[in-house]
Amino acid sequence: MPKTDPNTKPYLYATGRRREAVARVRLYNPTSGKVVINGAELKKGDVVVNGKPINEFFRFFASAPSYNKIFVDTDTAGKFIFSIKTVGGGQSGQLEASVMGIARALDKLDRDKFHTILRSNGYLTRDPRTRERRKVGNAGKARRKKSSPKR
């Protein structure tokens, strides 16, 4: 039996961000043994977001093509197990953060194989747009002005 280093983790870790959303992604290689997360044993191709399958967590119709596209582009559909924890933001921000986290994890796994594909398709580029801060003297919003009386 080969000796394993106790400091070596059975997964790769990556973070994806979009607006206020943060996604912490773990990429498990199923050849290293069985993977059990929250008491459920996962098999090849499973993607779990906050303890639910990805198609249950991101239920709205337009989300499926965006998280499936990265697996099709990199030819990794059904090859790895992903566990994702998302916090902050809304559904679309969390989805984009998750896709970016998956891309960064795949890039860490095999840079020579995946980096050019991920970079050319824009998966590794972080979208810098965030919410504009509220300015003092405005009526509760970033750019809205207070209404002034006419007479």
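Count residues from 1 along the sequence. Atom set for the values below is all heavy atoms of this structure, side chains included, hydrogens, waters and symmetry mates excluded.
Using a 4.5 Å heavy-atom threshold, the side chains of F80 and V47 count as separate. Side-chain contact between E132 and R143 is present, with at least one heavy-atom pair separated by less than 4.5 Å. By the 4.5 Å heavy-atom criterion applied to side chains, T125 and R119 are counted as neighbours. Residues N50 and K52 are not in side-chain contact: their nearest non-hydrogen atoms beyond the backbone lie 4.5 Å or more apart.
For the pair R133 and A142, the tightest heavy-atom approach, listed with the atom from each and the gap, is O-CB, 3.6 Å. Of all heavy-atom pairs spanning T86 and A23, the tightest one is CG2-CB, 3.8 Å. Between A21 and Q94, the closest heavy-atom pair is CB-N, 3.6 Å. Pairing each heavy atom of K141 with each of R144, the nearest pair is CB-CB, 3.7 Å. When all heavy atoms are compared, the tightest approach of Y13 to K108 is O-NZ, 2.5 Å. The minimum heavy-atom distance linking M100 with Y123 is given by the pair CG-O, 3.8 Å.
Note that the OG1 atom of T74 and the NZ atom of K69 stand 10.5 Å from one another [nearest 0.5 Å]. With rounding to the nearest 0.5 angstrom, the NZ atom of K146 is 8.5 Å from the CG atom of N138. H115 NE2 to D107 CG: the interatomic distance, rounded to the nearest 0.5 Å, is 5.5 Å.
Under a 3.5 Å cut-off, the side chain of N121 and the backbone N or O of I117 do form a donor-acceptor pair. A donor-acceptor contact shorter than 3.5 Å links the side chain of K79 to the backbone of D75. A donor-acceptor contact shorter than 3.5 Å is absent between the side chain of R19 and the backbone of P128.
Sparse packing is recorded around CD of E20, with 12 or fewer heavy atoms of other residues, nucleotides or ligands lying under 6.0 Å away.
A continuous path of ILVMFWY side-chain contacts below 4.5 Å connects L27 to Y67, so both sit in one hydrophobic cluster. The same ILVMFWY cluster, assembled from side-chain heavy atoms under 4.5 Å apart, contains both L118 and I84. V48 and V22 end up in different hydrophobic clusters when Ile, Leu, Val, Met, Phe, Trp and Tyr side chains are linked at under 4.5 Å.
With Y11 as the aromatic partner, R26 meets the cation-pi criteria of under 6.0 angstrom to the ring centre and within 45 degrees of the ring axis.
Checked options N68, V25, I70; the residue passing with V99 is I70 (criterion: side chain to side chain contact (heavy atoms under 4.5 Å, CB included)).
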Go through it in stages, so that I can follow the logic: the residues are S98 and F58, the test is side chain to side chain contact (heavy atoms under 4.5 Å, CB included), and I'd like the CA-CA distance, side-chain angles, deciding distance and then a yes or no. CA-CA 11 Å; S98 299; F58 297 117; 3.9 Å; yes

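A ring-centre distance under 6.0 Å is found for F82 and F71.
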